[in-house]
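Working notes for the structure below.
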Amino acid sequence: MTVLTVNGKEHSINGDPNTPLLYVLRNDLKLNGAKFGCGLGQCGACTVLVDHQPVYSCLLPISVLEGRQITTLEGLGKNGEPSPLQRAFIEEQAAQCGYCIPGMIMRAQGLLNRKAAPSDAEIRAYMQPNLCRCGTHMRILRAIRRAVKDMRTARAEPVR
Amino acid sequence: MNAPDLRLSRRLVLATGGALVVSFALFPNAFAQDAGAKPPGDLAKFPMLDSWIAIDAHGAITVFTGKAELGQGIKTALIQCAAEELDVDPSAITLVTADTERTPNEKYTAGSHSMQDSGTAILNAAAQVRAILIDLAAKRLNIPVEQLHAKGGSIVADDGRSVAYKDLISGRELHRTAQAKPSLKNPKDYRVVGKKFSRVDIPGKLTGKPSYVQDLRPERMLHARVVRPPSYGAKLTDIDIAAVERLPGVVKVVRDGSFLAVATQEEFQAISAMNALADAAKWDETAQLPKQADIYAYLRKLPSQDTTILERGNAGESGARSIRATYHRPYQMHGSIGPSCAVAKYEANKLTVWTHSQGVYPLRDSLAKMLKMPTKQIHCIHVEGSGCYGHNAADDVAADAALIARAVPGRPVRVQWMREQEHGWEPFGPAMLSDIYGAVDAGGKIVAWQYDVWSNTHSMRPGGPGNLLAGQYVAQPFTPDAPKPIPMPEGGGDRNAIPIYSAPNIRVISHFIPQMPLRVSALRGLGAYHNVFAVESFMDELATAAKADPVQFRLRHLDDPRARDVINKAAEEFGWGLKEKLARGHGHGFAFARYKNLAAYCAIALELTVEHETGVIQLGRVVAAVDSGQAVNPDGIRNQIEGAIVQSASWTMLEHVTFNARDITSRDWSSYPILRFPALPVSVDVHVIDRPGQPFLGTGEAGQGPMAAAIANGVAHATGVRIRALPLSPANVKAAIGI
């Protein structure tokens, strides 16, 4: 049995400890955010955060994840409200088919966890591992920039 | 009022609560009026209003479309059309998309046809439903229709009285034949159409709500994987299945001839079992693919069916300057980010398939033939998948799921293709080539134009069961349908082969090659991607020969005012021609096309740099203008064109399918690289020219060709070297500029 901490909750997982995290998230925990794209760590559709860093969940076996904080798309918002980054993606209508977008959001969250106000060049470089086939990239960049701005404004607002 | 005819209509009771709601009616009733003129869009094929719109006793409005959401935003735009003419809030509408037991058979969601076919039908059907509601209210309130109007789900009288839609509909009032010319709103009064309106599907997709066929998890569902042969046409000669059957979680190994699959309890077990099966399988391989390096010469030598699609005057006429050139486009793939997936369940002689196919009805018919089942025993329901951009493996995986589900009755089966299967087995966009001859006179006008294009078919959709991959490998295999060209005016390999520009002497020949060395079918834009690349590159070549500015040269040969407007808009917004002198390696490129010469107009201007040492193209600003007729969702149009620009940049600068003597070697994203963030343009700006009241013009594929040519023209401007073979990869650019 493997105990995983996903979105702040512990889950006991029976089954092969070599199972990549992706299949456990999608099938055992019924979380839809992380997507199967390649199973090879080449496209980023399966991106989740482990200890606040983006990882490919299609490659990581659950055996190495005990005791670590796993965050999926579903764990970003609070009280059923989308997170600032999700909100920015919705505001910018940054999706076409949308299949890659959860991975994009998770990777962008990984960047913002590390750096609150990245430059455009830093965003482009950091998003390099994630593929989009619809060509939604320009909107994805706009959404990330919007989230950076929104979060900066929120921080600057006096506490009421 | 027409009497209903129940004999020919299929009824489906949608909602309860007292009223019987007939939401589906395939055939016009026996007393249909107005036999002459046809109603617009797909209303002509399905003229019963209740095929499209139902209102139940609670006032719930359901709209039916045979088209499918592919990520292009069609659901949102269709809801906007219905809400506008029904005068209700868009949130009041439930849209049911492609489903063989509920929606009209609008065949495929393809060819940028959805707004033209289904959007037009729904807009017009909704207007007629509103008129019926007003008539009913007039009778109810005993006042003339002139004193009534629709508002927020009610018919409101000038004297202040109102009746809700639900109180006007008690049964089959909408079971009426559509009029040919309904009274549509004046576009000046639009509140929803043409306005900013957010996509209905985006919030769910971005917060992890089940949105895709991949997300379906019906009770007792099994996971399955298929073992594909090592190369095209390989036969499974021997396999020890028993060892695999003993692996953890294995419920069933399915072998039918050379079709091999496994169903398991857990998903990762299916992958392990698939690998074990692949290791155990012995195949007889026979495939012989042509040499990749010689593919264009090979294609040109294959037998072709030649059709002169346009001839006027003497196309061999000489001029002050003339040019001959040959353009090439390699095999390219759809490359969906999510490999194809389907869920199927076989129970009590009935098969249900949840699929991201672009054509649920054709798929149903094809499955019926493959499984030798009555068509009425098969139900195909569209559920979104990852974006497909044409005919990818969606239908193939649905056939896989059907075969496996039949072997495990009562259990839903989810089949997920692996990345290397999607890359290796999807039907590619065909390689193409064209020869062009052109001549300009001393005044800089085109005097002669000859265009010859060679191409395979651009549609091997099902069709017959032999067009389904599984159908080719079962013990009693089916032969793929004989490939056919798609006729003009839309065309397939010759789509956009006829230039939109005026030329007094012209001849265009389409050389259709039936034999297909690689598996091919419809990829976004079909032949238009190549033909627009070739024609628009050649226009720049002729402009240079005529010592003319490329934009002015195009305008000189164009009469259509909407084409001219789009070109002028893109040029103005870009600032075309303002910078005469550019630094070394910097270039500007321009291109224009009207998709299929009958759909949306799109012009693109861009700047780029070419790094001489590496051949790497870096895109700068990209500015586009588009005219899609009446714009229903302007941001949806921008999203489509932005996407086309980036996707076409990827095709144009990076992509070609590789293969060896036996097999496809583009098997993942490292052997078939596509564009990543650092290679993006600096900016992409899309300007929508709205044409209120004009017919909808398909937009989804309008940008692919112009972007390819704009890049090629920019590279020629930057380097002085014309590259006529795609992709404009660093290696090819470097080789062409000779460093």
Side-chain angles (χ1 to χ4, degrees), chain A residues 15-16 18-20 22-24 26-28 30-40 42-45 72-74 76-77 80 82 86-87 89-91 93-103 105 121 123-141, chain B residues 70-73 198-199 201-203 205-212 214-215 217 223 248 266-269 271-272 334-339 341 384-389 416 418-420 635-636 639-640 642-650 668-670 674-678 680-681 683-684:
Chain A
D16 186 351
N18 291 318
T19 306
L22 174 67
Y23 302 108
V24 171
R26 290 192 56 84
N27 301 324
D28 298 55
K30 299 183 169 46
L31 296 170
N32 298 308
K35 299 290 194 292
F36 174 72
C38 64
L40 303 164
Q42 294 180 344
C43 77
T72 72
L73 182 78
E74 292 84 352
L76 289 184
Q86 285 170 308
R87 214 162 42 233
F89 271 73
I90 295 169
E91 287 289 321
Q93 295 283 287
Q96 286 186 42
C97 84
Y99 193 87
C100 72
I101 302 295
I105 292 175
I123 296 172
R124 286 176 186 236
Y126 196 84
M127 297 303 290
Q128 192 270 352
N130 285 46
L131 292 175
C132 168
R133 189 54 163 166
C134 296
T136 318
H137 304 69
M138 305 308 289
R139 288 172 182 244
I140 294 169
L141 293 177
Chain B
L70 307 175
Q72 80 283 45
S198 296
R199 283 258 303 265
D201 53 332
I202 284 182
K205 288 173 171 178
L206 272 49
T207 52
K209 300 287 181 298
S211 304
Y212 304 93
Q214 284 90 343
D215 300 337
R217 295 180 198 90
H223 291 273
E266 303 291 334
E267 188 166 17
F268 193 54
Q269 292 167 341
I271 296 170
S272 304
H334 303 80
S336 294
I337 295 299
C341 182
E384 280 188 69
S386 181
C388 62
Y389 328 105
Q416 168 71 70
M418 304 303 288
R419 168 52 52 202
E420 53 276 21
D635 190 60
N639 203 351
Q640 283 289 287
E642 284 175 35
I645 285 169
V646 173
Q647 186 181 64
S648 179
S650 181
D668 60 12
W669 296 122
S670 72
I674 64 171
L675 184 135
R676 291 180 181 272
F677 277 91
L680 285 174
S683 63
V684 177

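Chain identifiers are assigned alphabetically (A, B, ...) following the order of the sequence lines, protein sequences preceding nucleic acid strands; residue numbering begins at 1 within each chain.
- For Leu70(B), the part lying under 4.5 angstrom from a heavy atom of chain A is the backbone only.
- Using a 4.5 Å cut-off between heavy atoms, Ile101(A) touches chain B through its side chain atoms alone.
- Ser211(B) does not touch chain A: none of its heavy atoms, backbone or side chain, sits under 4.5 Å away.
- In this structure, the portion of Ile140(A) lying under 4.5 Å from any heavy atom of chain B is its side chain and not its backbone.
- The part of His334(B) that comes within reach of chain A is its backbone (N, CA, C, O), which places non-hydrogen atoms under 4.5 angstrom from that chain.
- Contacts between Gln416(B) and chain A at a heavy-atom distance below 4.5 Å involve the side chain alone, from C-beta outward.
- A side-chain donor-acceptor contact under 3.5 Å links Gln86(A) to the backbone of Leu206(B).
- Not counting sequence neighbours, Arg87(A) has no partner by the salt bridge (Lys or Arg N to Asp or Glu O under 4.0 Å) test.
- Distance check: Trp669(B) CH2 to Arg676(B) CZ gives 9.0 Å after rounding to the nearest 0.5 Å.
- The SG atom of Cys132(A) lies 8.0 Å from the CD1 atom of Ile674(B); values are rounded to the nearest 0.5 Å.
- Proximity of a side-chain donor or acceptor of Asp668(B) to a complementary backbone N or O of Glu420(B) within less than 3.5 Å is not detected.
- At a 4.5 Å heavy-atom cutoff, the contact between Ala45(A) and chain B is made by side-chain atoms alone.
- Interface remark: Leu31(A) contributes backbone atoms only to the contact with chain B (heavy atom separation under 4.5 Å).
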